[in-house]
Amino acid sequence: MNKAKRAAVIAGNWKMNKTPAEAKALLEEIIPLVADAKCEVVACVPYVDLQIALETAAGTNVKIGAENVHWAEKGAFTGEISAPMLVAMGVPYVIIGHSERRSYFGETDETVAQRVRAAIDAGLKVILCVGEYLEQRKEGVTMEIVRKQVKVALGGVSAEELKNIIIAYEPVWAIGTGLTATDDQAAEVNHAIRELLAELYSREVADATTIQYGGSMNAANAEGLLSKEDVDGGLIGGASLKPADFAAIVKAASK
Ligand code: PGA
């Protein structure tokens with residue numbers, strides 16, 4: 001078993017939910033419930049909530065993340081936020097390449113790779129999301145799609161830099177739909193991602209990389225998914241807004 005070689009990470013993705021006051025209240029509920037977690041706990045929140053989230057979580061085991069980052073250091077990119085800006089605030093984590101960014105905001109494997117580069121250069125920890133659409137799964141090209149997404153996003157990322165990257169396998173058809181990949185479907189793709197990392201880097205590097213599953217992970221199905229050898233944590237959307245459910249997932253990952 002190689003699971004002991006890598007950190008289990010449960011990360012909430014709050015998406016476009018919660019005002020700063022609501023974010024503070026939600027974190028104040030979550031923090032005591034996950035205080036004895038034996039895994040890393042992260043809450044990725046909207047940009048406007050970052051400051052209050054950092055203040056509320058200071059001195060606790062809950063880490064804060066942003067939900068996206070631009071690839072340039074600064075400049076004429078109205079509405080965007082740079083990696084150095086996040087680092088200056090004290091934000092440690094950022095999600096990159098979420099399928100909602102890819103499908104609603106035109107992000108491509110190439111721009112995802114640029115964002116990863118910028119985040120790593122600035123010293124952020126990255127949660128890199130990959131995953132296939134339902135039609136692609138039906139066509140039997142899941143592995144090709146996911147391999148390409150990982151390969152392009154990690155182009156130019158060294159083995160040393162990969163230590164700051166978590167990969168989240170999120171089948172698009174499972175996100176926010178209540179349809180979860182079966183334990184075996186999640187395990188199969190997560191395993192394929194690890195094998196790709198072994199090809200691109202080395203066995204040792206592959207075994208040390210945290211690979212999450214995301215897509216309707218909840219209090220009821222988390223234990224089964226997380227029991228799989230290659231499922232090292234979860235990226236949690238809907239259930240991360242429900243303190244008891246999120247805490248139950250953290251507990252499942254702490255076993
Ligand atoms: P979900 O979202 O848990 O609501 O399916 C997961 C995600 O989008 O990261």
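Scope of the values below: all heavy atoms of this structure, side chains included, with no hydrogens, waters or symmetry mates. Indexing begins at 1, ligand by ligand and atom by atom, following the structure's order.
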Practice problem: For Lys15, counting its heavy atoms only, list the atoms of ligand 1 lying under 4.0 Å from any of them. | Solution: 2 (O), 7 (C), 8 (O)
Quiz item: Between Thr210 and Asp232, do the side chains contain an N or O donor and an N or O acceptor separated by less than 3.5 Å?
Solution: no
Self-check item: Flag side-chain contact, heavy atom, 4.5 Å: Gln185 against Pro171
Solution: no
Quiz item: Between Val62 and Val94, is there a shared hydrophobic cluster once you connect ILVMFWY residues whose side-chain heavy atoms come closer than 4.5 Å?
Solution: yes
Quiz item: Hey, is NZ on Lys18 packed in by over 12 heavy atoms from elsewhere, all under 6.0 Å?
Solution: yes
Quiz item: Among protein heavy atoms, which lies nearest atom 3 (O) of ligand 1, and at what distance?
Solution: Gly237 N, 2.9 Å
Self-check item: For atom 4 (O) of ligand 1, the protein heavy atom that lies nearest, with its residue and separation
Solution: Gly238 N, 2.8 Å
Quiz item: At a 4.0 Å threshold, what atoms of ligand 1 neighbour a non-hydrogen atom of Gly176?
Solution: 1 (P), 4 (O), 5 (O)
Quiz item: Looking only at heavy atoms, is any part of Ala174 under 4.0 Å from ligand 1, and if so is it the side chain, the backbone, or both, or is it neither?
Solution: backbone
Quiz item: Does one side chain, of Trp14 or Glu67, offer a donor that lies under 3.5 Å from an acceptor on the other?
Solution: no
Quiz item: Quick one: which ligand 1 atoms are inside 4.0 Å of a heavy atom on His98?
Solution: 7 (C), 8 (O), 9 (O)
Exercise. List every atom of ligand 1 that sits less than 4.0 Å from any heavy atom of Gly215, numbering the atoms from 1 in the order shown and giving each element.
Key: 5 (O)
Quiz item: Who's the nearest protein heavy-atom neighbour of atom 9 (O) of ligand 1, and how far?
Solution: Glu170 OE2, 2.7 Å
Quiz prompt | Under-4.0 Å heavy-atom contact with ligand 1, by part of Ile175 that carries it | solution = both
Quiz item: Between Tyr169 and Glu132, is any side-chain donor less than 3.5 angstrom from a side-chain acceptor?
Solution: yes
Quiz item: So, is Thr177 polar-close to ligand 1, with some N/O to N/O distance under 3.5 Å?
Solution: no
Quiz item: Is the closest heavy atom of Ser216 to ligand 1 under 4.0 Å?
Solution: yes
Quiz item: Should the heavy atoms of other residues, nucleotides or ligands under 6.0 Å from CD of Gln114 be counted, would the total exceed 12?
Solution: yes
Quiz prompt | Validation row: Thr209, Arg6 side chains within 4.5 angstrom (heavy atoms) | solution = no
